[in-house]
Amino acid sequence: MDQFPVRDGQLVVGGLSLNQLAARVGSTPFYAVDRQLLRDRVATLRAVLPAEVKLHYAMKANPMPAVVACMAGLVDGIDVASGGELKVALDAGADPAEISFAGPGKRDPELRQAVASGVLVNVESLRELDVLAAASAEFGLPARVALRVNPDFELKGSGMKMGGGPKQFGIDVEQLAEAFARIRALGLAFEGFHLFAGSQNLKAEAICEAQCKAYDLALRLAAEAPAPLRFLNLGGGFGIPYFPGEQRLDLAPIGANLAALVERAKVELPQAELVIELGRYFVGEAGVYVTRVVDRKVSRGQVYLVCDGGLNHHLSASGNFGQVIRKNYPVAIGNRMPAVDAPEAAFESVMAVGPLCTPLDTLAERMRLPVADVGDLVVVFQSGAYGASASPQAFLGHPVVTEVLV
Ligand SMILES: *Cc1c(COP(=O)(O)O)cnc(C)c1O
């Protein structure tokens, strides 16, 4: 993957050759996120998107505290999805005024935590409004609310659809009148709307369409809302390429589309701040998962590289986190990066597997990789998002994975 250079046959992450990095971390397996790539990614987005659009980091993509602290210094706000994430964001120094809290099933103590912290709650049910009002009265603090709307459209061609049709997320457009009435009756501080239609989309056109529909819907709803819109979260869904043939998202049309919406908003919603929230797009390509080969076996002609970690640390690379048909993430032998003119004999077709007693624990299926042996380092790219925190680390009782930001 071209975001990581190669020096003397070694992959370079965070300026360190992979062998040196592995020694510095002290043990395998580990995740490493390259800090400079995080900075580059934010700078790329800021160069293409209008300055008026605020960038929020949806930290569920990578909640490692060092990553959240780094991102808090780069973006305009942090989106959290639990009381636990809220704690990490506050510890990281994120400004509570710029934190928003979405997610279904917020428990009463989490809603109280949000009011006590002064963060914006993206409300997903009428019940949440009542709990927020009680907390607000108890602390004598305003409860800042936005309504997460379950829209009447979806993000076309998305890996995961999170709006449109019946959903556990947000409040159906059809039920908003009741929510507005409840906000008025309870005297809550209404700030705006949150619309999130889907995730992992590589089609700029589909993202632009969803942003326009989100804007139009919010504009229509604003006429009935309890207060002028100060906050309008148009969602995200920017994808990254994982599989052969996938192209990086073309940001230019998205920038142009958002610029047009910014101009409309200046007239139609003059007090509203436009926000997009991205998780994997910020962090996904900046991270690698590194696991060491502990055994090399040949079974009926097929080479197996058995590694010291697998789906217990990296469920998504194993294909068990939402993939319908299993495909290989990009994988390399990070301490044996091949020269461009390497002979065919330097490669073989391998199964790279983890140590778990299940055939689901596969990191690379029949992949052509440089011939590798015990001690070599298998690297899984595109691993900065939905890694350690999205994996069943206790499954089979192997050691937990180390995470570093370099
Ligand atoms: C998961 C989620 C995101 C982040 O999705 P990515 O695909 O990582 O960009 C953003 N917003 C909400 C509401 C989410 O649930």
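Counting starts at 1 for both ligands and their atoms, following the listed order.
Here is the list of ligand 1 atoms found below 4.0 Å of a heavy atom in A58: 3 (C), 4 (C), 10 (C).
Within the structure, ligand 1 lacks Y281 among the residues with a heavy atom less than 4.0 angstrom away.
Looking from atom 7 (O) of ligand 1 to the surrounding protein, the closest heavy atom is S199 OG, 2.4 Å. Of the protein's non-hydrogen atoms, the one nearest atom 9 (O) of ligand 1 is G279 N, 2.9 Å.
In this structure, of Y57, F196, F238, the residue bringing a heavy atom nearest to atom 10 (C) of ligand 1 is F196. Compare E277, K60, H194 by their heavy atoms: the one nearest to atom 2 (C) of ligand 1 is in K60.
For a threshold of 3.5 Å applied to N or O pairs, the pair formed by L278 and ligand 1 contains no separation below that value.
Between Y289 and H313, the ring-plane angle classifies as perpendicular under the 30° and 60° cut-offs. Note: F381 and F4 have tilted aromatic rings, judged against thresholds of 30 and 60 degrees for the angle between ring planes. Note on ring orientation: taking the six-membered ring where Trp is involved, the planes of F238 and Y281 are perpendicular (angle over 60°, cut-offs 30° and 60°).
Taking the six-membered ring for Trp, H314 and Y31 have ring centres closer than 6.0 Å.
Residue A102 does not touch ligand 1, judged by heavy-atom distances below 4.0 Å. Contacts of Y386 with ligand 1, taken as heavy-atom pairs under 4.0 Å, involve the side chain alone.
Separation of atoms CD1 (I276) and CD1 (I254) is listed at 8.0 Å; rounding is to 0.5 Å.
For the side-chain contact (heavy atoms from CB on, under 4.5 Å) test with V303, the passing option among M351, R296, R366 is R296; the others fail.
Between the side chains of Y57 and E277, no donor-acceptor pair of N or O atoms lies under 3.5 Å.
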